[in-house]
Amino acid sequence: QVQLVESGGGSVQAGGSLRLSCAAFGHIYSIYSSNCMGWFRQAPGKEREGVAAIYTGGGSTYYADSVKGRFTISQDNAKNTVYLQMNSLKPEDTAMYYCAAAALPICIATIPADFGYWGQGTQVTVSS
């Protein structure tokens, strides 16, 4: 089992920045076998959508078109932590952000059902 704990959400004005963190806890084998860490978000009344993902074994990354050039996903393997740096935030980025983990042959965050472990979520609110 893997437990994921997000932090770093909050309220900012458009154009501002936030950094989300996701710390993984649990059995060490389960942590290392989950080779893909992703960030998803869900706004009220909308489906959960993938934002970014990182392959923990090599660092390759995936970004949704809506966040390319603004968001950066990174990892600190020593801390079992993944980060999402969000710059140039827009009101449409307002959502609950979730960290997720999976063992995938190709690490992309497009299908929530592919991810078996989820955090509790952290709220990001961007005002205009």
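Judged as a side chain to side chain contact (heavy atoms under 4.5 Å, CB included), and not counting sequence neighbours, the contacts of Gln42 are Arg48, Tyr98. Annotation: salt bridge (Lys or Arg N to Asp or Glu O under 4.0 Å) contacts of Lys46 (sequence neighbours excluded): none. By the salt bridge (Lys or Arg N to Asp or Glu O under 4.0 Å) test, Arg70 pairs with Asp93, sequence neighbours left out. Scored by the salt bridge (Lys or Arg N to Asp or Glu O under 4.0 Å) test, Glu49 finds Arg41 as partners (sequence neighbours excluded). Checked against side chain to side chain contact (heavy atoms under 4.5 Å, CB included), Ser11 has the following partners two or more places apart in sequence or in another chain: Thr125. A search for side chain to side chain donor-acceptor pair (under 3.5 Å) contacts involving Asn87 returns Ser17, Gln85, not counting sequence neighbours.
For the pair Lys79 and Thr81, the tightest heavy-atom approach, listed with the atom from each and the gap, is O-OG1, 2.8 Å. The heavy-atom pair separating Val2 from Leu4 by the smallest distance is CG1-CD2, 3.7 Å. Nearest heavy atom pair, residue Ala101 against residue Met37, reads CB-SD, 3.5 Å.
Hydrophobic cluster membership differs between Val67 and Met96, with clusters built from Ile, Leu, Val, Met, Phe, Trp and Tyr side chains linked at under 4.5 angstrom. The hydrophobic cluster containing Tyr83 does not contain Trp118, counting ILVMFWY residues as joined when their side-chain heavy atoms lie under 4.5 angstrom apart, directly or transitively. Side-chain heavy atoms closer than 4.5 Å link hydrophobic residues (I, L, V, M, F, W, Y) into clusters, and following such links, even through other members, never connects Tyr97 to Tyr62. Phe40 and Tyr63 are assigned to two separate hydrophobic clusters, defined by single-linkage of ILVMFWY side chains at heavy-atom distances under 4.5 Å. No continuous path of ILVMFWY side-chain contacts below 4.5 Å connects Phe115 to Trp39, so the two sit in separate hydrophobic clusters.
Taking CD of Gln75 as the reference point, atom OG1 of Thr56 lies at 6.0 Å (rounded to 0.5 Å). Between atom OH of residue Tyr55 and atom CD1 of residue Ile106 there is a gap of 12.0 Å, rounded to the nearest 0.5 Å. Put simply, CD1 on Ile54 and SG on Cys36 are 9.5 Å apart, with the number rounded to the nearest 0.5 Å. We find the OG1-CZ distance between Thr61 and Phe71 to be 14.0 Å, quoted to the nearest 0.5 Å. For the atom pair Gln13 CD and Ser127 OG, the distance stands at 5.0 Å (nearest 0.5 Å).
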Subject >> Residues Phe25, Asn80; criterion side-chain contact (heavy atoms from CB on, under 4.5 Å); working and verdict >> reply: CA-CA 8 Å; Phe25 301 92; Asn80 290 332; over 6 Å; no

